[in-house]
There are 2 protein chains.
Amino acid sequence: MPLRARADESCELRKLELFADMQDVHFDSLMRRAYVQNFPPGIDLIAEGDPSDFLHVLLDGGAELYATWNGRETSMAIVRPVSTFILAATARDAPYLMSARTLQKSRIMLLPSVDVREIFDSDPAFSRSIVRELAQCYRSVVKNTKTLKLRTGTERLANYLIRQYRNAGDAGFDLPIEKRRLASYLGMTPENLSRAIKALQPYGVTVRGSHVEIADDTDLSRLAKPTELIDDFTF
Amino acid sequence: MPLRARADESCELRKLELFADMQDVHFDSLMRRAYVQNFPPGIDLIAEGDPSDFLHVLLDGGAELYATWNGRETSMAIVRPVSTFILAATARDAPYLMSARTLQKSRIMLLPSVDVREIFDSDPAFSRSIVRELAQCYRSVVKNTKTLKLRTGTERLANYLIRQYRNAGDAGFDLPIEKRRLASYLGMTPENLSRAIKALQPYGVTVRGSHVEIADDTDLSRLAKPTELIDDFTF
DNA sequence: CGCGATTCTTGACATGGATCAAGATGGCGC
DNA sequence: GCGCCATCTTGATCCATGTCAAGAATCGCG
């Protein structure tokens, strides 16, 4: 059952770069037309090809963007709160290129795309924020293409682990998603992810279940060769 | 030797969606600070990692965007006139993620990034155009990722050929770039591109040199399974 | 807690694609 | 038009990765 946005949810949204600079009157009118809905895990939120009726904002939980073709499926991105997804489709009033499903119990805000576009036409600060956001998204996908085309599976895993490791701060962290999804995201099969993990053991990587320990960053980095021009994006 | 933009060059630019709607005064001021330069083939225009000092506009010729890592190189996109490239880096004032080189003798307009950003802050119509352009770019890269992760090399080639075929209109067309670059763009080696071409012969594809003939679109389409959600982008 | 379903791992094998090497083709400048 | 150089093709081989199958570990749920 869709519900109106609560005040605290609006506040959280307002902190996002995308909505921080827009005029109060526009933000309020957007919030008045927004819905908030709770979903259980594993629910399909949108399907590729559908018209982009709503800009989605993940308030809580987790979601996966994925794509399919000819019976095959691949994980394109993982969305963590608080962030929007499918902004480009909304901006262009074009069909979704990716499907989305919840990974956990999730709270999602739905902003009607027509309202977003209307306000983006009349609020220069908002359209500037959208530019920054879209440019960011674009650069993330380019980086992802670079890792896919220039690195082997094991190298992609190594760099992924280093990113997680540096985000976490100290020695150990947990994989934020199931291994089969991670494998798909990294462009390999679950079987090959298992083998790639083993191949990284000599570099000080220990994985037990979803817990990862990295003994020494420098050893792994010699293999992974992370660079700001590919690896500085989150997730 | 950099030259000021000529009037006819400005006119051509003005026809681009990106610059069509901006205010005259802003467009004129952008043109006054623009340079036009001619380059021979094979010249490096920008290198990944460099600060994005200029928004580039290809007026004539052809350019390749490519990326490197650890001694490997891959072709990311081919730019045809008249179009801009590296808009996202300019928008975010961030380093280039890709390098660019000329493929043919090319005429290129250089718009100082600071000026582009300044005008994008003060001209709502321009920033709306940038939103549309960036959303388009984003969607192109997402489509490219989908084809890379969901299709085999031969399938990618088949869909590429169908796109070219439908752009050209009738039976025959010429490959717009060397095969080795096409191979890299499609994510394979030149050797494998040769073999993939042979594998498509039974589907009515004939390639002699750079000339391609496709006997019957339907036969090839049964293999390629093109879809608007991956294949409608140009190049 | 225990059972069933899913996910994960491992091994054996198949295959797509890369690499290496050599020869054919083609474009370009003299 | 000839010769040179780069590109392209082809075949042989190798390697990375996908597939299939079976067993182990894990998770969710009653």
Side-chain angles (χ1 to χ4, degrees), chain A residues 40-43 62 64 69-75 101-105 147-161 174-201 205-212 223-224, chain B residues 40-42 62 64 69-75 101 103-105 147-161 174-201 205-212 223-224:
Chain A
I43 293 293
E64 176 187 30
W69 179 79
N70 197 26
R72 301 168 207 166
E73 175 182 324
T74 189
S75 191
R101 66 165 72 95
T102 55
L103 291 175
Q104 294 107 36
K105 192 167 173 301
T147 203
L148 279 172
K149 290 182 81 178
L150 292 168
R151 288 170 173 162
T152 66
T154 306
E155 287 166 346
R156 290 194 294 276
L157 172 65
N159 280 289
Y160 174 83
L161 292 177
D174 285 334
L175 294 174
I177 48 170
E178 294 165 292
K179 284 182 187 160
R180 68 194 183 98
R181 283 183 219 282
L182 177 58
S184 178
Y185 172 71
L186 293 175
M188 56 177 105
T189 57
E191 293 94 327
N192 263 325
L193 174 59
S194 276
R195 289 186 262 264
I197 288 172
K198 271 176 112 174
L200 293 183
Q201 276 178 11
V205 177
T206 319
V207 181
R208 290 185 60 82
S210 68
H211 189 74
V212 182
L223 170 76
Chain B
E64 176 186 30
W69 179 78
N70 198 26
R72 302 169 206 166
E73 174 181 323
T74 191
S75 189
R101 64 166 73 96
L103 290 176
Q104 293 108 36
K105 193 168 174 300
T147 204
L148 278 173
K149 290 182 82 178
L150 292 168
R151 290 171 171 161
T152 65
T154 306
E155 288 166 346
R156 290 195 294 277
L157 172 64
N159 280 289
Y160 174 83
L161 292 177
D174 284 335
L175 294 174
I177 48 171
E178 292 165 294
K179 284 183 187 158
R180 68 196 182 97
R181 282 182 220 281
L182 177 58
S184 178
Y185 172 72
L186 293 174
M188 56 177 106
T189 56
E191 293 94 326
N192 263 325
L193 175 60
S194 275
R195 289 186 261 265
I197 288 171
K198 270 175 115 175
L200 293 183
Q201 275 177 13
V205 177
T206 318
V207 181
R208 289 185 63 82
S210 69
H211 190 73
V212 182
L223 170 77

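Remember, it's a predicted structure, so these values are computed and weren't measured experimentally. Per chain, numbering begins at 1; letters A, B, ... match sequence-line order.
- Protein atom CD of B:Glu178 is 15 Å distant from nucleotide atom C1' of D:dT9, rounded to whole Å.
- Residues A:Ala196 and A:Thr154 come closest through the heavy atom pair CB-OG1, 3.9 Å.
- The separation between A:His211 atom NE2 and D:dC27 atom P is 14 Å, rounded to whole Å.
- Distance B:Asp174 CG to C:dG26 P: 14 Å, rounded to the nearest Å.
- Judged as a side-chain hydrogen bond (donor to acceptor under 3.5 Å, both in side chains), and not counting sequence neighbours, the contacts of B:Thr74 are A:Lys149.
- Judged as a salt bridge (charged side-chain N to carboxylate O under 4.0 Å, His left out), the pairs with a partner in residues 150-159 of chain A (not counting sequence neighbours) are, in order, A:Arg151-A:Asp231, A:Glu155-B:Arg72.
- Annotation: side chain to side chain contact (heavy atoms under 4.5 Å, CB included) contacts of A:Leu175 (sequence neighbours excluded): A:Tyr160, A:Leu161, A:Phe173, A:Lys179, A:Leu182, A:Ser210, A:Val212.
- Going from atom CG of B:Leu157 over to atom P of D:dC8 covers 14 Å, rounded to whole Å.
- Counting to the nearest Å, the P atom of D:dG28 and the NZ atom of A:Lys105 are 15 Å from each other.
- Note: CG (B:Leu175) to P (D:dT7) measures 16 Å, nearest angstrom.
- For B:Ala183, the side chain to side chain contact (heavy atoms under 4.5 Å, CB included) partners are B:Met188, B:Pro190, B:Leu193, not counting sequence neighbours.
- What separates CD1 of B:Ile177 from P of D:dA6 is a distance of 20 Å, to the nearest Å.
- D:dA16 atom P lies 17 Å from atom CG of A:Leu193, rounded to whole Å.
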Tell me, with the steps shown, if B:Val207 and B:Leu200 meet side chain to side chain contact (heavy atoms under 4.5 Å, CB included).
CA-CA 10 Å; B:Val207 181; B:Leu200 293 183; over 6 Å; no
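- Computed from C1' positions of five pairs at each end, the angle between the two local axes of the helix from C:dC1-D:dG30 to C:dC30-D:dG1 equals 50°, rounded to 10 degrees.
- For C:dT9, one of the phosphate oxygens OP1 or OP2 lies less than 4.0 angstrom from a side-chain nitrogen or oxygen of A:Lys179.
- Taking A:Arg195 as the reference, nothing meets the salt bridge (Lys or Arg N to Asp or Glu O under 4.0 Å) condition, with sequence neighbours excluded.
- By the side-chain hydrogen bond (donor to acceptor under 3.5 Å, both in side chains) test, A:Ser75 is found to be paired with A:Glu64, residues two or more places apart in sequence or in another chain being considered.
- Here A:Glu73 pairs with A:Arg101 under the salt bridge (Lys or Arg N to Asp or Glu O under 4.0 Å) rule; sequence neighbours left out.
- Residues satisfying the side chain to side chain contact (heavy atoms under 4.5 Å, CB included) test with A:Glu178, not counting sequence neighbours, are A:Arg180, A:Arg181.
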Base-contact (B) and sugar-phosphate-only (S) positions in nucleotides 10-17 of chain C, heavy-atom cut-off under 4.0 Å, - elsewhere
BBB----S
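- Minimum heavy-atom separation, A:Pro40 to A:Thr102: O-OG1, 2.7 Å.
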For nucleotides 27-30 of chain C, tabulate all protein N/O to nucleotide N/O atom pairs closer than 3.5 Å, reporting atom names and distance.
none

